[in-house]
Amino acid sequence: MKVGILSLQGSFFDHQKSLDLISLESLLVKTPEDLDKVDGIILPGGESTAMSKISSYNNLYKKLDIKIKQGLPTLSTCAGTIILAKSVIDGDTHIPNIDIEIQRNAYGRQNESFEADVKFLNNNDIYCFIRAPKIIRTLNNDVKVIATQIDDIVGVSQNNIVSLTYHPELTNDNYYLEWLLAFMKEGKYVGSF
Amino acid sequence: MKIESTFKVKKGLAEMLKGGVIMDVVNAEQAVIAEKSGAVAVMALERIPADIRADGGVARMSSVGVIQEVMDAVSIPVMAKARIGHFVEAQILESIGIDFIDESEVLTPADDVNHINKNNFKSPFVCGATGLGEASRRIAEGAAMIRTKGEAGTGNVIEAVKHMRTITNEINEVLTCDTNQLVALSKKFRAPLNVLEMIKELGKLPVVNFAAGGIATPADAALMMQLGCDGVFVGSGIFKSGDPAERAEAIVVATTNYNDPKVLADVSKDLGEPMVGINIDTLTEEEKLAKRGW
C-alpha cells in the first residue's frame with residue numbers, strides 16, 4: 001500500500017520519515033492526480049491558511065474532499081485538523097469532514113507552545129503542541145475522543161478519519177508508529193492493535 | 001505536566017514553516033495581503049531592506065507599535081528583527097510575544113564580537129549563515145532556524161546561491177569524512193564539534209534552513225528550493241514590485257511546486273514589473289550586509 005502526504009507546505013517530510021520507519025511506501029501529494037495513486041492520506045501540520053491558498057491553484061482540496069468522503073483512511077495533525085473541522089471559531093472552514101468545533105492558536109502564541117503528556121488510547125507519552133489549535137467540543141456522538149491532555153480533547157476519530165492537535169511525527173515513539181501502521185492497514189480507526 | 005518553549009518546540013515551529021514563504025511587511029495592510037496570498041509567516045519591519053539600504057544610517061529594531069499592529073492583523077506567525085548581539089532588543093520582542101526573532105545583519109550590528117545567547121530566550125531565533133561554520137556557531141548559541149545571508153534589498157539571488165552551495169558542500173565534507181577528521185574539520189570551519197557530530201549523525205543540519213536575500217521572482221524561489229532550502233524568505237521583492245499580491249501568490253505556488261517547470265511558467269506569466277535589482281559588484285565591501293556577523 002502507498003500512503004499520501006499532503007505536501008503543499010508544513011511538516012510533510014517528518015510524516016514521511018514516520019512512514020519510512022514502519023516500511024510503508026509514501027507519496028508527496030501536490031496534485032489531484034496524485035490522489036489516485038494513494039491508499040491513505042496524512043494532512044500535516046503547517047499553516048492552514050497557506051495550505052488552503054496553495055491548494056486553490058490546482059483545486060486539490062475538491063478531489064481530496066471527495067476521496068475522504070469515499071472512505072480514504074485519513075490522519076490529520078495540528079493544521080491538518082483545522083482543515084478537516086466542521087466548525088472553526090473566528091476562522092474559515094476548508095474541507096469540513098469531522099464533526100468538531102476547533103479554535104486556532106488556542107493556547108496562545110509561540111512563547112506559549114509546549115510539550116506535554118498526552119493520553120492516547122492506552123498509552124502516555126510527551127508530545128509537542130506548537131501554536132496548537134484546541135478541539136472545543138465534538139458536535140455529535142459519531143465522534144470518539146481518543147486522546148486527551150488533562151481535560152483538553154487533543155485527538156478524535158470519526159469513521160475513516162483520525163484527527164490530532166499535536167505532533168506525533170516529531171516524536172515517532174513506538175506506540176504511535178505501531179498504531180499508525182495498524183490504522184493505515186485497517187483503513188479505519190483502530191482502538192487496539 | 002506542561003513545559004513551555006523547549007528547544008524541540010522552538011525548532012518545531014520552524015519545521016511547520018517548511019515549504020513556505022515568509023514575507024517582509026511594513027504595516028497591517030501589507031501583512032493581510034501577505035497572509036491572503038499564502039505566506040506562512042510575516043516579518044514585521046518599519047522599512048524593508050531595499051529602503052534601509054537606500055536610507056543609510058543606523059538601522060535598529062522596528063518600533064514596537066508597527067510590530068504589534070502586524071501581530072494584531074494576522075493569524076500566522078509574526079517575526080521581527082533584532083540587531084546582532086543586541087539582546088535587549090530581543091528581550092523587548094520576546095516580551096510583546098513575537099513568534100520568531102531574526103538576529104539580522106540587515107540591521108546595524110550592536111556587538112562586534114558576540115551574537116545573542118539564544119538559549120536564554122523563550123522565543124525561537126533565526127540567524128543568517130554564509131557557510132557551515134557560521135551556521136554551526138549560531139546553532140550552538142541556540143538558533144532554531146538558519147537562513148542564507150543573501151544580499152538583502154538587492155533583488156539579486158547570487159549571494160544566497162553561493163551560501164547555500166557552500167553549506168551543502170561543507171555538509172557533504174562532514175558526511176564523507178571519517179570520524180578521525182572531525183576535529184580538524186571543526187577547526188577548519190570554526191564550527192563547534194558537537195554540532196558537526198549532530199550533522200554527521202542526522203545527515204543534515206539539525207535545524208531548518210531557509211533561503212533569504214535577493215529573492216525577487218518565482219524562479220528565484222524555485223531555484224533555492226531545488227538547491228535544497230527548506231523554504232524561502234522574500235523581503236523587498238514583493239512590496240517593491242508592480243503587483244505585490246499577484247507576485248506574492250506566484251512565489252508561494254512556485255515554492256511548493258519548485259520541481260515543476262510547467263507550473264513555474266504558468267505562475268510567472270503576466271506578473272508585472274519585478275523590483276529593480278542591484279549588481280553585487282557595484283557594492284563596496286562596507287555595503288555588503290553579509291559581512292556583518294561573526
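The structure displayed is predicted, hence computed values, not measured ones. Excluded from the calculations below are hydrogen atoms, water molecules and symmetry mates; all remaining heavy atoms, backbone and side chain alike, are included. Numbered from 1 within each chain, the chains take letters A, B, ... in sequence-line order.
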>> Before you tell me yes or no, could you show the steps for A/Tyr175 and A/Trp179 under ring pair (Phe, Tyr, Trp, His ring centres under 6.0 Å), namely the whole-Å CA-CA distance, both residues' side-chain angles and the distance that decides it to 0.1 Å?
In response: CA-CA 6 Å; A/Tyr175 189 87; A/Trp179 172 85; 8.9 Å; no
Within [range], which positions have a heavy-atom distance to chain B below 4.5 Å?
{"range": "residues 28-45 of chain A", "value": "A/Lys30, A/Gly45"}
{"range": "residues 161-173 of chain A", "value": "A/His167, A/Glu169, A/Leu170, A/Thr171"}
{"range": "residues 101-116 of chain A", "value": "A/Arg104, A/Asn105, A/Tyr107, A/Arg109, A/Gln110, A/Asn111, A/Glu112, A/Ser113, A/Phe114, A/Glu115, A/Ala116"}

Any donor-acceptor N/O pair, [X] side chain to [Y] backbone, under 3.5 Å:
{"X": "B/Asp99", "Y": "B/Val78", "answer": "yes"}
{"X": "B/Ser63", "Y": "B/Val66", "answer": "yes"}
{"X": "B/Lys10", "Y": "B/Ala143", "answer": "no"}
{"X": "A/Ser7", "Y": "A/Ile5", "answer": "yes"}

Counting heavy-atom pairs closer than 4.5 Å to chain A, which one of [options] comes out on top?
{"options": "B/Val263, B/Asn257, B/Val252, B/Ile98", "value": "B/Val263"}
{"options": "B/Val21, B/Thr255, B/Val208, B/Thr6", "value": "B/Thr6"}
{"options": "B/Gly20, B/Ser123, B/Gly97, B/Pro77", "value": "B/Pro77"}
{"options": "B/Asp266, B/Leu13, B/Val253", "value": "B/Leu13"}
{"options": "B/Glu94, B/Lys122, B/Lys18, B/Lys11", "value": "B/Lys18"}

> Do you know which of A/Ser56, A/Ser52, A/Ala79, A/Gly10 has the most heavy-atom pairs with chain B at a distance under 4.5 angstrom?
Replying inline: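 Winner by heavy-atom pair count: A/Gly10.
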>> Any salt bridge linking A/Lys119 with A/Asp125? Criterion: basic side-chain nitrogen under 4.0 Å from a carboxylate oxygen.
In response: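 Between A/Asp125 and A/Lys119 there is no salt bridge, as every charged N stays at least 4.0 Å from the carboxylate O atoms.
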>> According to side chain to side chain donor-acceptor pair (under 3.5 Å), does anything in residues 23-42 of chain B pair up with another residue at least two apart or in another chain? List the pairs.
In response: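 As it turns out, the side chain to side chain donor-acceptor pair (under 3.5 Å) pairs with a partner in residues 23-42 of chain B, which skip direct neighbours, are B/Glu35-B/Ser75.
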What are the two closest heavy atoms between [X] and [Y], and how far apart are they?
{"X": "B/Leu175", "Y": "B/Ile199", "result": "CD2-O, 3.5 Å"}
{"X": "A/Ser157", "Y": "A/Ile146", "result": "OG-CG2, 4.0 Å"}
{"X": "B/Ala160", "Y": "B/Thr148", "result": "CB-OG1, 3.7 Å"}
{"X": "B/Glu103", "Y": "B/Cys127", "result": "OE1-SG, 3.5 Å"}
{"X": "A/Ile135", "Y": "A/Gly155", "result": "CD1-N, 4.3 Å"}

> More than 12 foreign heavy atoms under 6.0 Å from CG of A/Asn124: is that the case here?
Replying inline: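 Yes, because the 6.0 Å sphere around CG of A/Asn124 holds more than 12 heavy atoms from other groups.
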>> My understanding is that only one of B/Asp230, B/Thr168, B/Ile171 makes a side-chain contact (heavy atoms from CB on, under 4.5 Å) with B/Asn209; could you say which?
In response: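 It is B/Asp230; the other options fail the test.
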>> A/His94 and side-chain contact (heavy atoms from CB on, under 4.5 Å): which single residue from A/Thr49, A/Ile83, A/Leu84, A/Asp65 fits?
In response: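 Of A/Thr49, A/Ile83, A/Leu84, A/Asp65, side-chain contact (heavy atoms from CB on, under 4.5 Å) with A/His94 is met by A/Ile83 alone.
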> Hey, mind stepping through B/Arg138 and B/Glu141 against salt bridge (charged side-chain N to carboxylate O under 4.0 Å, His left out) and telling me if it holds?
Replying inline: CA-CA 5 Å; B/Arg138 299 297 85 82; B/Glu141 291 157 1; 2.7 Å; yes
